[in-house]
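For reference, the structure is listed below as C-alpha cells.
Whatever order the structure lists them in is the order used to number ligands and atoms, beginning at 1. Computed from a predicted model, the values in this text were never measured in an experiment. Basis for what follows: all heavy atoms, side chains included, without hydrogens, waters or symmetry-related copies.
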Amino acid sequence: MALTETVPAAPAHEGILRRQSLRESAARTYARSLPIVPVRARGLTIEGADGRRYLDCLSGAGTLALGHNHPVVLEAIRTVLDSGAPLHVLDLATPVKDAFTTELFATLPRELAEKARIQFCGPAGTDAVEAAFKLVRTATGRDGLMAFSGAYHGMTAEALAASGGAQHSSVVRLPYPYDYRCPFGTGGERGAELAARWTQSLLDDHKSGVPHPAGMILEPVQGEGGVIPAPDSWLRRMREITAARQIPLIVDEVQTGVGRTGAFWAVDHSGIVPDVIVLSKAIGGSLPLAVIVYREELDSWQPGAHAGTFRGNQLAMAAGAATLAYVRANGLDRRAGELGARMLTRLDSLAAAHDCIGEVRGRGLMLGVELVDRDADADATGARPADPGLAAAVRDACLDRGLIVELGGRHSAVVRLLPPLTITDEQADAILDRLADALTAAVSTTPGPTGSSPTTMRGTTP
Ligand code: PMP
C-alpha cells in the first residue's frame, strides 16, 4: 500500500490522540497502550495518521481472520449495499442471513449441526455468552454455573461473573490445566488429569457444597487468560464428565473459532461436540456479529426470551459468510496450524536465548510468550514469577519497531500474537524478527522486578 498525500500530517494525529484522552472514558483500554491513529489498512498492515506503518498482530483482538479489508469481505459488503437490501431487519429472515446460517452450519461439527438451533444475539461476544447462560438455565431449571480460573468471557454482568477475575456466588471456579503454572504442582498430562478429577469430585461429593449446575463454560484455548491451550485429553474428560451428569457443556469459541488454532473450530482437535457453542469475532468478517448454536433439545425458552434490536446486521452476515467460505475453501485452518507450529519453533529458540522467557506456547496462530523475572528462582514446577513490567516494555519496543502486539495473562505478562491467517511466510518472519529485536532492547533497558540491573542474552550474562 503506497503512502499518499491524503494521509493527514503528524499534528492532526497528535490532536486526535489528545482529544481522545480528554474526551473518552477512563475505561478505554487498547487506546492507552497503542497510541496510534489508524487511517488505512490492508491485510496485516495498518497505516497510522502519522504516516507510519505497523504489522498488526492484534487483529482486532483476534477478529480479523483474513486481515484488514480483505477483497472478498469488501466485495460481500458492497454486494449487499448495491443490492438495495434493508440494512436493519431486527431478527427477520433475509437471503443474506439464510446464506450465512447455511455456511456456518456447513463448518460446524456434523453431530451438532444436524440437530442444531441458532440464536442471533446482540452484536458482541459477551451478548452470546449471556444468551448461552440463559438458555442452559431455562433448559435445566438450575441456576449455578461452572467456569475456570483465568477464563475470559466478556464484560456484561454474567459473562464477567464467569471470568477469572470475578467472584460470584452462582459461579463455581474450577482449575484450568495451565501447564506452566500448574495448580497441582505437577504440570503435563498428570496436572490436567488432577484438574479433571477435582471437577469430578466436586460434582459427585454431595458434601462438596456445589449444587448441580445449569452448565459448564470453557475456552479450548484461553486467550485473554494468557494463551493457554487445554490438552485435548482434558477437553474430552470435561465432555465425558458433563455428559454423564446431564450438564450442558458451553464452549466459548469467540476467539478460537474460524481456523485460528489450526482447525476450523478448536473443538475439532479433540473431537468433542459441545451442547452450546458461543461464536463471535471472526464470524462477522470484521463487523459485529454474535450467535450461539446449540442442541435443539435445549431450545425450550419462550419467544422473546433473548430479544435485542441489533440482531440482524446484514453487512456483518455477508462479510462473515464470505470469511467462513474463504477460510474453508483455502484451507486456512490447516495453514494456521502449519505456520503457527513453525513460528512456535522459532519462539522456542528465542526462549532458549533469553532467561526472561518462562514459556512460549500456543496453538495455530494464537501464540503467547510468557515473560518472567529472570533473577527469581524457579518454584518446584520450574515456573518463575511473572514480569509485567518487562512485558509492557516489550510491547512498547514492538510498537517502536512497527509491530502491534498486546498483553494477556494473569499478570499481563504474556505477549500475544494473533496475526491474520492469511500472512505469508515472509510476514511471519518479519513479525518474529521485530519481536526478537524488541525483546533484546527491552531486556537491556528494563530492570527486573526484584530490582536487578538489566541483563542480556542467556549465555552472555556474566
Ligand atoms: N469470550 C472470549 C473467549 C473472548 O476472547 C472475548 C473477547 N476477547 C469474549 C468472550 C467477549 O467478546 P466481546 O468483547 O465481543 O464482548
Side-chain angles (χ1 to χ4, degrees), residues 25 27-31 33-34 57-65 119-135 145-166 171 176 178 215-230 235 238 249-261 265-267 274 276-293 306 308 310-311 313 316 319-320 323 362-368 404-410 412 414 416-418:
S25 151
R28 66 194 186 281
T29 49
Y30 302 107
S33 51
L34 303 171
C57 270
L58 181 53
S59 296
T63 301
L64 304 168
Q119 164 77 19
F120 287 84
C121 305
T126 199
D127 298 310
V129 170
E130 299 285 329
F133 292 166
K134 198 186 284 181
L135 175 82
L145 293 165
M146 292 189 138
F148 290 87
S149 51
Y152 185 81
H153 299 294
M155 280 283 163
T156 51
E158 291 282 318
L160 191 60
S163 298
V171 179
Y176 193 80
Y178 183 1
M216 171 191 284
I217 183 163
L218 59 80
E219 295 155 89
V221 181
Q222 284 191 345
E224 307 302 324
V227 194
I228 308 173
L235 287 165
M238 289 304 108
L249 177 64
I250 304 164
V251 175
D252 181 342
E253 289 242 26
V254 166
Q255 193 164 140
T256 50
V258 194
R260 171 68 51 198
T261 68
W265 305 107
V267 289
V276 186
I277 188 163
V278 184
L279 305 175
S280 188
K281 292 199 195 271
I283 63 159
S286 70
L287 298 178
L289 186 62
V291 302
I292 53 172
V293 180
H306 202 72
F310 289 110
R311 288 176 294 153
N313 189 331
T323 300
R363 203 157 196 183
L365 288 174
M366 196 170 176
L367 299 164
I404 298 175
V405 296
E406 249 305 349
L407 306 180
R410 310 287 203 277
S412 293
V414 180
R416 306 179 58 205
L417 298 177
L418 290 163

Checklist entry - Is it true that the side chains of Thr256 and Thr261 contain a donor and an acceptor less than 3.5 Å apart? => result no
Next on the checklist: Using a 4.0 Å cutoff against the non-hydrogen atoms of Ala124, which atoms of ligand 1 qualify?
Outcome noted: 15 (O), 16 (O)
Checklist entry - Under a 4.0 Å heavy-atom limit, does Val254 contact ligand 1 with its side chain, its backbone, both, or neither? => result side chain
Item to check | Validation row: Leu235, Val267 side chains within 4.5 angstrom (heavy atoms) | outcome: no
Checklist outcome for this item: For atom 13 (P) of ligand 1, the closest protein heavy atom turns out to be Gly125 N, 3.5 Å
Checklist entry - Looking at side-chain heavy atoms only, is the closest gap between Tyr178 and Arg410 below 4.5 Å? => result yes
Next on the checklist: Which of the numbered atoms in ligand 1 are under 4.0 angstrom from any heavy atom belonging to Gly154?
Outcome noted: 11 (C)
Checklist entry - Nearest heavy atom to atom 16 (O) of ligand 1: which of Val251, Thr156, Thr126 does it belong to? => result Thr126
Next on the checklist: Pairs of nitrogen or oxygen atoms closer than 3.5 Å, one from Asp252 and one from ligand 1: do any exist?
Outcome noted: yes
Checklist entry - Which of the atoms in ligand 1, numbered in the order shown and given with their element, are less than 4.0 Å from a heavy-atom of Glu219? => result 3 (C)
Checklist entry - Under a 4.5 Å cut-off applied to non-hydrogen side-chain atoms, are Gln255 and Tyr152 in contact? => result no
Checklist entry - Heavy atoms, side chains only, cut-off 4.5 Å: are Leu365 and Arg260 in contact? => result yes
Next on the checklist: With heavy-atom distances below 4.5 Å as the criterion, would you say the side chains of Gln119 and Leu135 are in contact?
Outcome noted: no
Checklist outcome for this item: At under 4.0 Å between heavy atoms, what of Lys281 touches ligand 1? The answer is side chain
Checklist entry - In terms of residue, atom name and distance, what is the protein heavy atom nearest to atom 5 (O) of ligand 1? => result Gln255 NE2, 2.7 Å
Checklist entry - If we only count N/O pairs under 3.5 Å, is Glu224 in contact with ligand 1? => result yes
Checklist entry - Do the non-hydrogen side-chain atoms of Leu249 and Leu218 ever get within less than 4.5 Å of each other? => result yes
